[in-house]
Trainee: 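Right, I'll just put the structure down here and ask away after.
In what follows, chains carry the letters A, B, and so on, assigned in the order in which the sequence lines appear, proteins first and then strands, with residues in each chain numbered from 1. From a predicted model like this one, the values you see are computed outputs, not experimental measurements.
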Number of protein chains: 2
Amino acid sequence: MSATAPHAPSKLELLELLAAIGTAQWRDFAAAAGRYGLTSTQAKVLAQLEGPVPMRGLATLLACDASNVTGIVDRLEARGLVRREPSAADRRVKNVVATDEGRETIRRVREEMQATHGALDILDAAESATLYALLERLRPTMERTA
Amino acid sequence: MSATAPHAPSKLELLELLAAIGTAQWRDFAAAAGRYGLTSTQAKVLAQLEGPVPMRGLATLLACDASNVTGIVDRLEARGLVRREPSAADRRVKNVVATDEGRETIRRVREEMQATHGALDILDAAESATLYALLERLRPTMERTA
DNA sequence: GCAGATGTTTGATGTCATCAAGTACTTGGA
DNA sequence: TCCAAGTACTTGATGACATCAAACATCTGC
């Protein structure tokens with residue numbers, strides 16, 4: 001192997017590296033959320049709320065049982081980070097909306113993921129673009145099959 | 001933007017893509033573990049056991065309280081996937097070792113992460129090597145800062 | 001307009017996570 | 001030597017997360 005040729009990784013090596021990166025990023029996220037008194041699950045929910053999302057939609061996004069979402073949203077609502085709004089179109093549905101405080105909180109959590117920010121700063125523009133393009137290609141299969 | 005030039009991603013876009021991939025991989029892992037009646041935490045512990053690891057070491061690897069590990073290992077041990085062995089060097093320490101059945105189980109779990117395997121199959125050897133090299137560079141900062 | 005499907009909540013139960021306290025052992029000096 | 005301080009593990013209390021089953025309101029299609 002020459003000094004400049006990249007290491008040719010086995011699939012298993014690549015899988016483990018991907019897992020390690022994923023784990024580290026999750027820890028970074030959980031730690032940042034913790035500084036605002038949020039569990040990682042609560043922060044994850046907050047991160048989904050660009051717009052109004054029905055309870056059922058949250059359960060699908062989180063890949064968990066709908067009854068689970070009730071308690072999580074209860075706790076977020078009790079802290080004023082989230083609001084339940086009845087849907088105009090379907091009276092069974094309750095849409096969950098982030099409050100201003102909720103939006104601000106999740107913005108800060110993302111901002112404070114220093115391990116992740118620091119790591120991404122290592123790459124130059126071309127490398128970032130390459131990484132982005134490669135991950136973009138993995139994404140559809142990862143998300144569809146799972 | 002030309003048709004062949006890769007999209008130049010903002011840091012936030014890259015961060016979100018990385019999070020999406022990480023989430024999908026975790027779901028894939030949890031689903032595979034579930035098929036063997038394991039929670040994702042139990043599977044994660046099993047995945048750490050290449051050799052003997054003291055309880056305390058597991059707590060460090062999982063970034064959780066040591067008292068938490070007691071219960072997780074209790075349940076794995078009750079199912080015969082893991083064994084506690086007293087350390088010869090330090091009688092306070094109990095080393096956790098995967099049994100043959102435990103090793104076989106985690107091997108199958110990894111094998112059955114079809115979303116991840118399927119996604120990685122999309123890349124050719126050169127692309128895999130590029131991705132590996134890029135992630136390798138991110139890794140130290142991600143893990144050290146977190 | 002009724003039967004079946006869907007959205008949400010409640011209640012029971014099990015796992016994961018923390019902290020505080022207790023026991024057993026090791027270690028570094030006085 | 002022997003004791004104080006530290007470390008490894010467990011137990012018990014408590015809260016968050018996860019599932020399932022069941023109840024209830026509402027929607028949909030026939």
Trainee: Nearest 0.5 Å, what's the CE-CG distance between A/M142 and B/D28?
Mentor: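 With rounding to 0.5 Å, CE (A/M142) is 6.5 Å from CG (B/D28).
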Trainee: Give the B/S/- string for nucleotides 21-30 of chain D, one per nucleotide from 5' to 3', where a protein heavy atom under 4.0 Å of the base yields B, of only the sugar-phosphate yields S, and otherwise -.
Mentor: B---BBS---
Trainee: Check every atom of D/dA18, C/dT8, D/dT10 against the side chain of A/C64 and return the nucleotide holding the closest atom.
Mentor: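 The answer is D/dA18, which lies nearest to the side chain.
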Trainee: Does the side chain of B/T39 get closer than 4.0 angstrom to OP1 or OP2 of C/dC16 through an N or O atom?
Mentor: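 True: B/T39 side-chain N/O within range (under 4.0 Å) of C/dC16 OP1/OP2.
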Trainee: So, OP1 or OP2 of D/dC17: does either fall under 4.0 Å of a side-chain N or O from A/R75?
Mentor: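 So the side chain of A/R75 is within the cut-off, an N or O lying under 4.0 Å from OP1 or OP2 of D/dC17.
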Trainee: Got a list of side-chain donor-acceptor pairs under 3.5 Å for residues 42-52 of chain B, not counting sequence neighbours?
Mentor:
| unit_1 | atom_1 | unit_2 | atom_2 | d |
| --- | --- | --- | --- | --- |
| B/Q42 | OE1 | B/T39 | N | 3.1 |

Trainee: Remember a base hit wins even if backbone is also touched, and classify A/T41 as base, sugar-phosphate or nothing at under 4.0 Å, heavy atoms.
Mentor: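 Sugar-phosphate: the residue A/T41, judged by heavy atoms under 4.0 Å, touches backbone atoms but no base.
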Trainee: Select one nucleotide: of C/dA17, D/dT11, C/dT10, the one nearest the side-chain heavy atoms of B/T70.
Mentor: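 Minimum distance to the B/T70 side chain belongs to D/dT11.
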Trainee: For the side chain of B/T99 and the backbone of B/L81, is there at least one donor-acceptor N/O pair under 3.5 Å apart?
Mentor: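 Yes; at least one donor-acceptor contact below 3.5 Å.
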Trainee: Counting only side-chain heavy atoms from C-beta out, which of C/dA17, C/dT15, D/dA18 sits nearest to B/Q42?
Mentor: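 Within the option list, the nearest is C/dT15.
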Trainee: Is the shortest side-chain heavy-atom distance between A/E127 and A/I122 below 4.5 Å?
Mentor: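 No; the side chains remain at least 4.5 Å from each other.
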Trainee: Please check the phosphate of D/dT10 (OP1 and OP2 only) for any side-chain N or O of B/K94 closer than 4.0 Å.
Mentor: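 Yes, within the criterion.
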Trainee: For a quick test of reading the model: is some side-chain N or O of B/R84 closer than 4.0 Å to OP1 or OP2 of D/dT10?
Mentor: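 Looking at the OP1 and OP2 atoms of D/dT10, one of them is under 4.0 Å from a side-chain N or O of B/R84.
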Trainee: Quick one, A/R84 with A/N95, criterion side chain to side chain contact (heavy atoms under 4.5 Å, CB included). Give me CA distance, side-chain angles, the key distance, then yes/no.
Mentor: CA-CA 6 Å; A/R84 280 173 167 99; A/N95 286 309; over 6 Å; no
Trainee: Between B/R79 and B/G37, is there a donor-acceptor pair closer than 3.5 Å when you use the side chain of the first and the backbone of the second?
Mentor: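 Present.
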